[in-house]
Amino acid sequence: MPFLRLIFVLALVLSCSTTPKADLIVYGRVWTGDSANPWAGGIAIRGDTILAVGDSAAVASHGGPDTRQIGIPGGFVTPGFMDDHVHLFTGGFQLTSVDLRDADTPAEFTRRIKAFVGRLKPGEWVLGGVWDHEKWPGTPLPDRAWIDSVTPDNPVFILRLDGHMALANTRALAAARMDRSTPEIPGGSIVRRADGELTGVLKDEAMNPVYAAIPTPSAEQLDSALAGAMRHAASLGVTAVASMVTGWEEIAALRRARERGALSLRVANYLTLASWRSAADSLKSAGPGDDWIRTAGVKGFVDGSLGSTTALMSEPYRDAPGTRGLFVTPEDSIRQWIGAADSAGLQVVVHAIGDRANDLLLDIFDSVATAHGARDRRFRVEHAQHLRAAEIPRFAALGVIPSMQPYHAADDGRWASKRIGPELIRGTYAFRSLLDAGARLIFGSDWYVAPLDPRLGLEAAVTRQTLDGVNPGGWVPEEKITLEEALRAYTVSNAYGVFAEATRGMLKSGYRADFVVFDRDLTAIAPDSLSDARVMLTVAGGRIVWDQVKVP
Ligand SMILES: [Zn+2]
């Protein structure tokens, strides 16, 4: 009997290992991201791993009595979208805060704040907001006088959508002990009225005193922001993000979600460059983590943004000739911290928007790499927004990754030409030129700054239409890329951007089961209707995290 039982068990093990049964099979047109085998008719997964990607007969052979099998007529499958630049928790908080993104008059701006404050307790802060004064042509920057009378009991500190300036009301300024006697702050700018009084608008580093006065969110508040952010990501087909974190408390919230079995999004965390030592210590003592929660590296800033006229340019702004932008971090510190973080084995990613900021950062990356010797370090320039022709080939030559956000092009394209001249406009969001020069282009949203939705990013990269509808043929149309190139940036290349290409970014046997199913073939629809495609199913690590298949 024991012998017979052994034979039986062996036979069972053998049959299982030769034809393992799938938990889930999805049939449809599959874009795999694997250039050796880019198209398939279905995908079979088991546990958190892809069993097979192939024609429908090949994947069907993995079906068993317990396999869920899904076929969506006309459906389209891609690897799970990765977003290589988000502010995950700020984005999560923004989901439940006042929404000013499309407030298109100052009166509407005030009305929405008034309505929102009505739901709060006295003393509660109003944060987020993400307003855009470019929606109010001819109107100067907002002033606390617009909102003081409707917010007598609540401090308000609401961001412009680029995160590089904010409006504080009088209560928030008082909490930060800022008034007309406050001196200028290096790396920032305090906007004043003609009489020297503060308007409440603070740019870049000048925002810090108010940030310091905002109570830190509780663990419960962080948990609920994360839950909202994860639901939002799943609904959009986003299965992994690179998160620019503000501190360890965000990583602690990710760990709590994981302990509850609720983590549905893979997060590579980038701590601030200034805190490189704490990131390095953690790397040494706890290791980098795994492919759900990872301490990936550090993120710093060279300059501000074009929208706030703080991006560091080689020429004065056309509409603000008194400035060429500013260093958000002193040049010496940037250089020193990048060197130290690189020595500690951290991946270093740095924000640079203006042409001068990009040029300088490429110089620093070059000199650090030369001094420290060859290593797979994958330096990234976050945004790489305005490049001179001579800077474009340097990305490929130095192996530096341009980490770009196509939706910003659709947004900034409305007004960028009033700030910068035609030569710089040509090198603005230079997707095509960077790819042609051999750079490995990666994509993200910069959520909360822009919507998290990858469909909007794809559409912006492929059409380069601007949000105002003024450029139907595309703004700087020479820089358009194809849909497949844009998909590649969001998947295969984004995996490379966070050192995850050995297991993610492609649909391939043995890779992680992270994928999205759309209701229509993205390659067969008009590029300006990409954002109409519906996300039917999102699978992260083999788990269905968004399911619209049964919903009519
Ligand atoms: Zn950002």
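In listed order, ligands and their atoms are each counted from 1.
- Here H87 reaches the Zn ion (ligand 1): one of its N/O/S atoms is less than 2.8 Å from the metal.
- Look at D446 and the Zn ion (ligand 1): an N/O/S atom of the residue is under 2.8 Å from the metal.
- Using a cut-off of 4.0 Å between Lys/Arg side-chain N and Asp/Glu carboxylate O, D291 and R294 are scored as not salt-bridged.
- Under the 6.0 Å distance and 45° angle rule, R378 counts as a cation-pi partner of Y496.
- Take the N/O/S atoms of H85: the one nearest the Zn ion (ligand 1) is NE2.
- Cation-pi geometry between R464 and Y429 is not met at under 6.0 angstrom from the ring centre and within 45 degrees of the axis.
- For R394 and F365, the positive end is not near the middle of the six-membered ring at less than 6.0 Å and at most 45° from its axis.
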